[in-house]
Number of protein chains: 2
Amino acid sequence: MGLDVERLRVLVEVVHAGSIAAAAKRMGFTASALSQQLAKLEREVGDRLVDRGPGGVRPTATGELLVRHGERVLGALHDAEEAVRGARRLPREHLSVGTFASAGKALVPTALATFRRAHPQVRLTLLDIEPPDGYGLVTSGDLDLLITHRYPDVPLPPATGLHRAHLMADPLRLVLPTGHRHAGTDRLTLAGLATDEWISGGPGVPNRVALDGTARRAGVELRVSYETRDYAVTLALVSAGIGVAVVPGTTLRSAEPGDYVVRDLDQPIARDIFLVHRPRPRPPVSDMVARLQGVA
Amino acid sequence: MGLDVERLRVLVEVVHAGSIAAAAKRMGFTASALSQQLAKLEREVGDRLVDRGPGGVRPTATGELLVRHGERVLGALHDAEEAVRGARRLPREHLSVGTFASAGKALVPTALATFRRAHPQVRLTLLDIEPPDGYGLVTSGDLDLLITHRYPDVPLPPATGLHRAHLMADPLRLVLPTGHRHAGTDRLTLAGLATDEWISGGPGVPNRVALDGTARRAGVELRVSYETRDYAVTLALVSAGIGVAVVPGTTLRSAEPGDYVVRDLDQPIARDIFLVHRPRPRPPVSDMVARLQGVA
DNA sequence: ACGGGAAGTAAGGAACGCTAATGGGACTGG
DNA sequence: CCAGTCCCATTAGCGTTCCTTACTTCCCGT
């Protein structure tokens, strides 16, 4: 049995894109071509790789397995290509960075700006990637650098074959409406806020998991009455006096002002921000890493 | 730029085989096909990858670089194929082991025999590989297990991405003609044999490097008058009274008897024997590893 | 019930890669 | 010194593969 790498690439792209049509657009082919290649791959493997559903496809267990391996193959191929570029003394002219939304607003722009000034010939690509996704794209070489985070009580995804460095701790701070009864207090406890209405993500969303875990350890049960994963919405709700919330410090730094005040917990909690990239990064990637570490 | 994996495979096979014709035979193609693929790859890379010479080809610096990367790509592809086999609950039916010549005679056969009894359905392939070669074949997945050695004073090749475990120390023992003036002594020094004619490998051959290094540290200079890398020849020469030599213990265990006696140095030296395989070996490989460790 | 979007099927054409055949260059033995 | 041999490069031609176009099917939301 000999797997075809181009067919593996099709599988990986299709699963990453979430649908055959979207992957076809990315790759510059017709959806029919990808559909046929995928079908042929399934015949060769002897097992279904994706479940076809309306609005796209989802990988089966075998498909997931093969995607993980395919990403490694593509990553090794990517390394080979970069090696020959290096041997010909051709500098890389492209750098793609994936970030989660809130970092994209605060931390990343300043680093990107100085990088752009220093390397005007390097074309930058920025991609929104919400944790815990994105590791596969780094493995396959589609992404040179991933900026991701992990909230407390949320497991950290495995980074097999990748390099992951802690960039900074991003403290989660309390946000209260200006007229809140504790607005004048500097350091608050969760217990003192147990009667408030909370605003957080839905069940399973990282910031909700972290909030619930911290509350449980403090012996408090919080009532989350409003669920949103968008911090801009969260702040608007707080400003309207609807409830209280915890919001990352970096997000607050670049947020619109509003009718809220920022306070801290007596037992500080923080989300950790990580940089993920392939081992032994070369100049363009390593330079960006250094700039981000400088900003943090 | 997008490298073609099949062309990379051609390059890797050609360099491993040492000639286009030999690689073509192994791969079941004509030499012409490989020549064309190789030429096309060189055009794509924009650099020569092999130096064509009479009697075969040798990789250029760029070629060597690309072979190393190609081996990783092929290894990742190999892993993917093994993963789908595993997902379909199909056991591996093939195992290829590479060994250096002297291990092939002593250490390996007993391990192979018990393995064969335990797994009669697994087809075994044995390949002669002289150190320090063979690492690339393990990386690319052509070889499941490599039994290799390192003589003192010889650098150990890097095992990037591979697992290397020390199997045993193989002491180098003195072999003297039966009538030698020190044949009655149990433990000898190199200084006491400085006036003898020595039999060893040519310059650069591992056992020669080890012998010279040991002598240098002992402050002795030895005269190597007969050069051969074949231990059977060495023993025949010693039996004929031509000179003295050091020979690995495992080799002596399976050697023909002759007119020689075996003694030891007061400062024992030994070559180290290693097992090399890919990380996280699965049942058929790991079982063979266990058997070899049991024998040692 | 109907329009839109996504995946699958069928048929044609273009491109790619292999084989076979030919020629050239270098070492070997007479 | 020349014939023989081995290995590699090139060219011509053919077969296969794979992509596109066009059409069908299925599911959802309006």
Atom-pair distance (CZ on B/R58; C1' on D/dC8), nearest Å: 17 Å

Electrostatic pair B/D144-B/R92, nearest N-O below 4.0 angstrom: yes

Interatomic distance, B/L11 CG vs D/dC8 P [rounded to whole Å]: 14 Å

Separation of atom CG in B/D51 from atom P in D/dC7, rounded to whole Å: 18 Å

A/E71 and A/R68 ion-paired at < 4.0 Å: no

CZ (B/R223) with more than 12 external heavy atoms under 6.0 Å: yes

A/R229, CZ: over 12 other non-hydrogen atoms inside 6.0 angstrom: no

Atom CZ of A/R52 with >12 non-hydrogen neighbours under 6.0 angstrom: yes

Distance in angstrom units between B/R9 CZ and C/dG17 C1', rounded: 15 Å

Separation of D/dC8 C1' from B/L49 CG (nearest whole Å): 16 Å

Modelled atom types, side-chain donor and acceptor of B/T228 and B/D230, under 3.5 Å: no

B/R52 side-chain N/O to C/dG25 phosphate OP1/OP2 under 4.0 Å: no

Strand contacts (DNA chain C) in residues 20-45 of chain A, 4.0 angstrom heavy-atom criterion: A/I20, A/A21, A/S32, A/S35, A/Q36

